[in-house]
Amino acid sequence: MNLLLLAGGLLVFVSLLAGVYSARLGLSFLLVFLLAGMLAGVDGPGGVNFDSPLLSAWVGNVALAMILLEGGLNTRMSTFKRGFRPAVLLATVGVAITAGIVGAVAVWALKVEWKHGLLLGAIVASTDAAAVFSLLRQAGIRLNERVSATLEMESGLNDPMAVFLVLALIAMIKTDAGLSHGLMLLAKQAAFGVAVGWLGGAAIAWLLRKMPLGTSHGGLISLLILSGGLTLFAIAGLAQGSGFLAMYLYGLRVRARAEEAAHAAATALDGFAWAAQATMFLLLGLLVTPHDMLRAASQTVTIAAALMFVARPLAVVLCLAPLRFPWRQSLFIGWVGLRGAVPIVLALFPLLERVPGTARFFDVAFAVVLASLLLQGSTLSWLARKLGMVEPPDEPPPGEGSMQGRLVLDGDLPLAEVLTFFQLPLPEHDGVTLAEWLVAELARDVAEGDGFDWHGARFTVKEFQDDRIARVGITLAPRKR
């Protein structure tokens, strides 16, 4: 047991350190974990012979559910409303167009039947906004609000759509069912997923509002939200609905109806999501056999190129043209459709269902994700600046000066009033006190002297009373005019 813990702990620790430095080069954290798993696997120095698609699929499903929950909780209603129309088009029509084009290329490149080609197209059709925003944050880039909202919403909605298509196509291949059977499956998955997520989210949000828990109970609240979400995920699956869609809508509903609880749980849930992603990517990296990927390298390159340079951009242009998106925004959204964990996990579904002729789909999907993270991920920041997608930092209104100096404030003051008075931008969650904001930003264990910077101002914990922050120091520096 100690040797297993030593090996696992070192692998994750070294991967995290490598991820921090690789992000400066424009490479995703997730790419580092995939490579770490491959190095520890059968073809790498580690030599671990891991061959359990079932365990990987279980871990992958739970991890994706947690990632979608965290994404829903981090989505503001203003973002939801602003990005809903383009995101729905991209997550439905866009995924179908992408799957169709990639499927046609796969039929030609891999010499498979059209249903198998569409199945591979559906597997690689969904995007990963978490990878996009992680890279942008590392580069210090803030996107145009409309573009950011569209990417964020699309990623939350297109994962369930990709799962719909994969399950429908697997059923069609195994039972030789027709298109009507696939459409019925899609309708059932969507209906039960929406019902369970929306109603369950409203019920748990009501419960959170009634419970005597504040921002200092962030760890407990996060466990309540997570366990409630996993329960709804299972209920949706048992009802033959989409657990992934239910999880995203559940998180969105809790955020809208119990914002203080969602804000208090945000830090802990972010940690859970990172742990889930790390475990999932390490297992997926262990599962792949690199020498098998090399056997179909030319076909894989063809499919990856068709996805990145033809299918995704064309789908984006066709979906966003009716909404009058500027061509620069459409081009950027088309290029930053990074692939993440979902295609690799979906590629395990045909293996577990023993669908004939799909044994190589896992290797192809894995290689496509690697190509996307390497090529698109490394050029994302450069393209954002080149196309003018970068938003300037917030500045005070013209003619208004900025205060400077050092002050000590009461921790119970409303956050919105404090930041407005000092002409500082408001965070997403402004309906809390100054002390509650510090607890949420600094995570669970807060001590005197802890602090952080907020748009040129330094907020510091000065004094505790009865285990709560009573006094907060603020240091204001003059802004360049």
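The two residues Ile225 and Ala262 come nearest to each other via the heavy atoms CD1-CA, 4.5 Å. Across all non-hydrogen atoms, the minimal contact from Gly201 to Val254 is O-CG2, 3.8 Å. Between Ala457 and Leu424, the shortest heavy-atom distance links the atoms CB-CD1, 3.8 Å. Across Val316 and Ser330, no two heavy atoms sit closer than the pair CG1-O, 3.4 Å. When all heavy atoms of Ser126 and Ala162 are compared, the closest pair comes out as CB-CB, 3.9 Å.
Of the possible donor and acceptor atoms, none in the side chain of Tyr248 sits under 3.5 Å from a partner among the backbone N and O of Gly197. Arg339 contributes a side-chain N or O that, together with a main-chain N or O of Ala125, makes up a donor-acceptor pair within less than 3.5 Å. With hydrogens and angles ignored, the 3.5 Å screen pairs no side-chain donor or acceptor of Thr127 with any backbone N or O of Leu338. Using modelled atom types, no side-chain atom of Glu417 and backbone atom of Pro414 make a donor-acceptor pair closer than 3.5 Å. Thr358 contributes no side-chain N or O that, together with a main-chain N or O of Phe361, makes up a donor-acceptor pair within less than 3.5 Å.
How far CG of Leu167 is from CE of Met172: 13.0 Å, rounded to the nearest 0.5 Å. Thr460 contributes atom OG1, which lies 8.0 Å from atom CG of Leu438 (distance to the nearest 0.5 angstrom). A distance of 10.5 Å separates CG in Leu383 from CZ in Arg328, rounded to the nearest 0.5 Å. To the nearest 0.5 Å, atom CG of residue Leu323 and atom CD of residue Gln329 are 11.0 Å apart. Here the CE atom belonging to Met308 is positioned 11.5 Å from the CD1 atom belonging to Ile303, to the nearest 0.5 angstrom. Separating the CE atom in Met161 from the CD atom in Glu154 is a distance of 12.0 Å, to the nearest 0.5 Å.
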Show the numbers, then the answer: is there a side-chain contact (heavy atoms from CB on, under 4.5 Å) between Val345 and Leu284?
CA-CA 8 Å; Val345 174; Leu284 294 174; 4.2 Å; yes
I'd like to know whether Phe366 forms a side-chain contact (heavy atoms from CB on, under 4.5 Å) with Leu34, so could you lay out the CA-CA distance, the side-chain angles of the two residues, the decisive distance to 0.1 Å, and finally the verdict.
CA-CA 9 Å; Phe366 196 100; Leu34 282 178; 3.7 Å; yes
Going through the distances and angles, do Phe192 and Leu245 end up as a side-chain contact (heavy atoms from CB on, under 4.5 Å)?
CA-CA 9 Å; Phe192 283 114; Leu245 182 58; over 6 Å; no
Evaluation steps, side-chain contact (heavy atoms from CB on, under 4.5 Å), between Ile173 and His116
CA-CA 8 Å; Ile173 293 171; His116 289 72; 3.8 Å; yes
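For the pair Phe325 and Thr150, the minimum side-chain heavy-atom distance is below 4.5 Å. The shortest distance between side-chain heavy atoms of Phe349 and Val355 does not fall below 4.5 Å. Here the side chains of Leu151 and Val336 are in contact, with some heavy-atom distance below 4.5 Å. The shortest side-chain heavy-atom distance between Pro350 and Ile123 falls under the 4.5 Å cut-off. Between Ser56 and Leu348 the shortest side-chain heavy-atom distance falls below 4.5 Å. Side-chain atoms of Leu331 and Trp335, non-hydrogen and from C-beta on, never get closer than 4.5 Å to each other. Counting heavy atoms from C-beta outward, Gln299 and Val364 have side chains that stay 4.5 Å or more apart. Inter-residue side-chain proximity for Leu370 and Met38 is flagged as met; some heavy-atom pair is nearer than 4.5 Å.
Aromatic pair Phe233/Tyr250: ring centres not closer than 6.0 Å. In summary, the aromatic rings of Trp327 and Phe332 are positioned with their centroids too far apart to meet the 6.0 Å limit.
Classified by interplanar angle (parallel below 30°, tilted 30° to 60°, perpendicular above 60°), the ring pair Trp437/Trp454 is perpendicular.
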Could you pull out every donor-acceptor pair under 3.5 Å between side chains of residues 85-112 and any protein atom, sequence neighbours left out?
{"unit_1": "Thr92", "atom_1": "OG1", "unit_2": "Val88", "atom_2": "O", "d": "2.6"}
{"unit_1": "Thr98", "atom_1": "OG1", "unit_2": "Gly94", "atom_2": "O", "d": "2.8"}
{"unit_1": "Lys111", "atom_1": "NZ", "unit_2": "Trp108", "atom_2": "O", "d": "2.9"}

Sequence neighbours excluded and cut-off under 3.5 Å, please list the side-chain donor-acceptor pairs for residues 60-70, or say none.
{"unit_1": "Asn61", "atom_1": "ND2", "unit_2": "Ala57", "atom_2": "O", "d": "2.7"}
{"unit_1": "Glu70", "atom_1": "OE2", "unit_2": "Asn74", "atom_2": "ND2", "d": "2.8"}

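Legend: residues meeting side chain to side chain contact (heavy atoms under 4.5 Å, CB included) with Thr279, ordered by chain and number and at least two apart, are Val59, Leu283.
Between Glu259 and Arg253, none of the side-chain N atoms (NZ, or NE/NH1/NH2) sits under 4.0 Å from a carboxylate O, so this pair counts as no salt bridge.
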